[in-house]
Amino acid sequence: MREGMQWCHILTMVSTVAPLITRFYAPVIFRGEGQNEAGMIDHPNISGGGGNAASRLRSALPALSDSERRVASWILENVDLAIRQSMSAIAQAIEVSDTTVLRMCRTAGFEGFTDLKLALVRDSGDRPARALDQATEAEGDFAWANRVFTANIQAISDTLTMLDKPTMTRALDLIAGARHILIGGVGGSGLVAQAFYQRCFRLGLHCDAPVDSQLQLMHASLLGPKDLVVAISYSGITNDPILLLQEAKARGASTLCITGNQRSPLARLADLVLVSVSYEMRSEPMAAQIAQLTLVDALYAALVARAPDAAHMNEERMVNAILPKSIR
């Protein structure tokens, strides 16, 4: 009898202490290598450590599961309501579990649902008067023009919000210090790659950007430790740029990627990641391309500011070279 009472006493103590142990030590015990307290994989060289709550949610959309993306989209479209609702009420409204809502918050970089709500409250005074979804209230063809312009402006604004100074500075150092720069992208990202190539070329940097993905791999195979490969992909899951960075790393070259998915396989491969953010209304990520083009232009402007005399001389020589082709 006495032994049974001792066991009951022990079990009572365990049931009392266990929640405290879980609360304070579970983040350490169950955290995998390279993971933060939210269970997310940390990448020390990804832009986007700051940013307001909405921007962080939009930047996380490509990395979310379908059910988590529904939660994030609902919150983005109902910010004021989300601030007032409980996690259970939001889960019921979207027809998902409470765990899905919590998992979405942590994947987006928040400690939990309360942390997300507090961030939304802090940002509530900074939201523009005309939100993206409100553009549909107008009628007629002009409503679509309004909505597209709003989406593109939002993409640029969110991308700037997610950009941090240390990552930007290191990206500039990699570009300026590279012996040779190889730029790769396919599809819509290929257009951004060509725009980046044009700007690097204007600066007198040694670079190339083959359109064909096989040529990109062939060029990468000839690179070395002093070279840089820049891969551009909105989704971060397209096979061609992933293979490109794999080949570059095998040759010892530095790697930089511009992507809309900071937890993608491409981002995990890159030494440095610049994140572009967009909230797409169509299957073709046009707003993402505009945000990436703006990011590329920002890199170009900063590089010009580092060496203005050399940039001016290159521009002057190129203008003089093509001037005879102008119609007079």
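Both backbone and side-chain heavy atoms feed into the values below; hydrogens, waters and symmetry mates do not.
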With a 4.5 Å heavy-atom cut-off, do [X] and [Y] have their side chains touching?
X    : Y    : result
I183 : V229 : no
L299 : M168 : yes
T159 : T294 : no
V230 : L182 : no
K249 : L244 : no
V275 : V277 : yes
F201 : M318 : yes
L57  : M104 : yes

I'd like to know whether [atom1] of [X] has more than 12 heavy-atom contacts from other residues, nucleotides or ligands below 6.0 angstrom.
X    : atom1 : result
R69  : CZ    : yes
M218 : CE    : no
I237 : CD1   : no

Which heavy atom of [X] sits nearest a heavy atom of [Y], and at what distance?
X    : Y    : answer
V304 : A311 : CG1-CB, 3.9 Å
T259 : C257 : CG2-SG, 3.8 Å
K117 : A82  : CE-O, 3.8 Å
A220 : R251 : O-CG, 3.5 Å
P62  : N261 : O-ND2, 3.4 Å
S233 : T238 : OG-OG1, 3.7 Å

**Prompt:** For S276 and Q292, does a side-chain donor sit closer than 3.5 Å to a side-chain acceptor?
**Reply:**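 Yes, a side-chain donor-acceptor pair sits under 3.5 Å.
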
**Prompt:** Looking only at side chains, do D158 and T161 share a donor and an acceptor under 3.5 Å apart?
**Reply:**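 No, because no side-chain N or O of D158 sits under 3.5 Å from a partner of the opposite role on T161.
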
Donor-acceptor contact below 3.5 Å, side chain [X] vs main chain [Y]:
X    : Y    : answer
D271 : T255 : yes
T100 : V96  : no
R70  : I94  : yes
Q216 : P210 : yes
N320 : E316 : yes
D212 : L215 : yes
R268 : R263 : yes
D227 : H180 : yes
T169 : K165 : yes

**Cation-pi, F110 ring and R56 (6.0 angstrom, 45 degrees)** =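 Pair R56/F110 counts as cation-pi.
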
Common cluster, [X]/[Y], ILVMFWY with side-chain heavy-atom separation under 4.5 Å:
X    : Y    : result
V186 : V296 : no
L76  : V71  : yes
L205 : Y300 : yes
V211 : L191 : no
Y197 : I258 : yes

How many angstroms lie between atom [atom1] of [X] and atom [atom2] of [Y], to the nearest 0.5 angstrom?
X    : Y    : atom1 : atom2 : answer
L223 : L228 : CG    : CG    : 9.0 Å
S189 : F196 : OG    : CZ    : 13.5 Å
N239 : L266 : CG    : CG    : 11.0 Å
R147 : N152 : CZ    : CG    : 12.0 Å
T114 : M87  : OG1   : CE    : 8.0 Å
I181 : L174 : CD1   : CG    : 9.5 Å

**Request:** Please assess W74 against L81 for the test side-chain contact (heavy atoms from CB on, under 4.5 Å), listing each intermediate value before the final yes or no.
**Result:** CA-CA 10 Å; W74 187 92; L81 185 59; 3.7 Å; yes

**Prompt:** Between D115 and R106, is a salt bridge (charged side-chain N to carboxylate O under 4.0 Å, His left out) present by the stated rule, with each step listed?
**Reply:** CA-CA 10 Å; D115 186 33; R106 291 178 172 173; over 6 Å; no

**Request:** With side-chain contact (heavy atoms from CB on, under 4.5 Å) as the test, would you mind laying out the steps for M286 and Q289 before giving the verdict?
**Result:** CA-CA 5 Å; M286 186 65 71; Q289 291 175 25; 3.9 Å; yes

**NZ/NE/NH1/NH2 to OD/OE distance under 4.0 Å, R103 and E68** =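 Here R103 pairs with E68 in a salt bridge, since their nearest N and O are under 4.0 Å apart.
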
**Request:** Before giving the answer on side-chain contact (heavy atoms from CB on, under 4.5 Å), spell out for N314 and R202 the whole-Å C-alpha distance, their side-chain angles and the decisive distance to 0.1 Å.
**Result:** CA-CA 7 Å; N314 289 339; R202 286 175 174 270; over 6 Å; no

**Request:** Only one of L163, L160, V192 passes side-chain contact (heavy atoms from CB on, under 4.5 Å) with L295; say which it is.
**Result:**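 Running side-chain contact (heavy atoms from CB on, under 4.5 Å) over L163, L160, V192 with L295 returns exactly one hit, L163.
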
